[in-house]
Enquirer: 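One structure coming up, written as structure tokens, with questions to follow.
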Protein chains: 2
Amino acid sequence: MTVSEETMKRALQDYIDRFNRADAEGVAALYADDATVEDPVGSPVKRGKAEIAAFYKMAVATGARLTLAAPIRGSHGNAAAMAFDVRLNLPQGPSLIRVIDVMTFDDSGRFSSMRAYWGPSDVVAG
Amino acid sequence: MTVSEETMKRALQDYIDRFNRADAEGVAALYADDATVEDPVGSPVKRGKAEIAAFYKMAVATGARLTLAAPIRGSHGNAAAMAFDVRLNLPQGPSLIRVIDVMTFDDSGRFSSMRAYWGPSDVVAG
């Protein structure tokens, strides 16, 4: 492992904070150039900076706000994870999506992959 | 996807409940015969029922107790995840380990893999 837990946890907190400032470019900047995003797990994988930047531009435009549900977890390897809640307005009204994100890191401390665990049953009125 | 979110979430809850009853065999029975366990992520992978059963026999013998930190998450694929806290006595005293587990499933609804995200910084006095 070449990336410290402290670095990984700070990057996940930066992800939350930049997203909540609707800073899509800042979120995309946390990713390596050849990174992948699978959000939600089971959906088509986005590959590379252009697709990832477009994804976050769309995501922040929803007005979604993220709140950690528990402290960010590290690991003994090059990965970290966090449970959080997403609040946003959906066609059916104010909603809450319960998510766990897992990020892996390259040696420079950027995300090499992100996978978001949430399914239809994790979307509730909120 | 052939396994429902409901089935996956129930299996993760069973994992918590069986572990807290110190039912190591019951926990191991949630796994497919050729499953893998990486706990914590970054440590050597345990492969197959014998290694996994031995791991849980040791784990429950610590007297550890698991408490969900947030509701269990599903996905749009064959995976689910949960954030939880582990309370146990370590040489340094009563301790808390903050963990996120990610399980993938085979078509019969058993775990094909488990990865536990926690690192040195996730072990605190508690």
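Naming: A, B, ... by sequence-line order, numbering from 1 per chain. Just so it is clear, the values below take in all heavy atoms, side chains as well, and ignore hydrogens, waters and symmetry mates.
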Enquirer: Measure distances from Ala70(A) to the heavy atoms of chain B and classify the residue's part below 4.5 Å as side chain, backbone, both or neither.
Expert: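 Just the side chain, heavy atoms under 4.5 Å.
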
Enquirer: Which residue out of Met82(A), Arg98(A), Glu38(A) racks up the most heavy-atom pairs below 4.5 Å with chain B?
Expert: Arg98(A)

Enquirer: So which of Ala69(B), Ser43(B), Pro71(B) has the largest heavy-atom pair count under 4.5 angstrom toward chain A?
Expert: Pro71(B)

Enquirer: Test Ser121(B) against every option in Lys9(A), Met8(A), Glu6(A) by the side-chain contact (heavy atoms from CB on, under 4.5 Å) rule and name the one that passes.
Expert: Lys9(A)

Enquirer: With only heavy atoms counted, which part of Val99(A) is less than 4.5 Å from chain B, the side chain, the backbone, both or neither?
Expert: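 For Val99(A), backbone heavy atoms alone lie under 4.5 Å from chain B.
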
Enquirer: Would you find a donor on one side and an acceptor on the other, under 3.5 Å apart, between the side chain of Ser95(A) and the backbone of Gly93(A)?
Expert: yes

Enquirer: Count the heavy-atom pairs under 4.5 Å between each of Pro120(B), Ala79(B), Ala116(B) and chain A, then report the option with the highest count.
Expert: Pro120(B)

Enquirer: Flag the pair Asp85(A) and Arg73(B) as a salt bridge only when some basic side-chain nitrogen lies within less than 4.0 angstrom of an acidic carboxylate oxygen.
Expert: yes

Enquirer: Side chains of Ser113(A) and Thr104(A): donor-acceptor distance under 3.5 Å anywhere?
Expert: yes

Enquirer: Where the side chain of Asn20(B) meets the backbone of Asp17(B), is there a donor-acceptor pair that is under 3.5 Å apart?
Expert: no

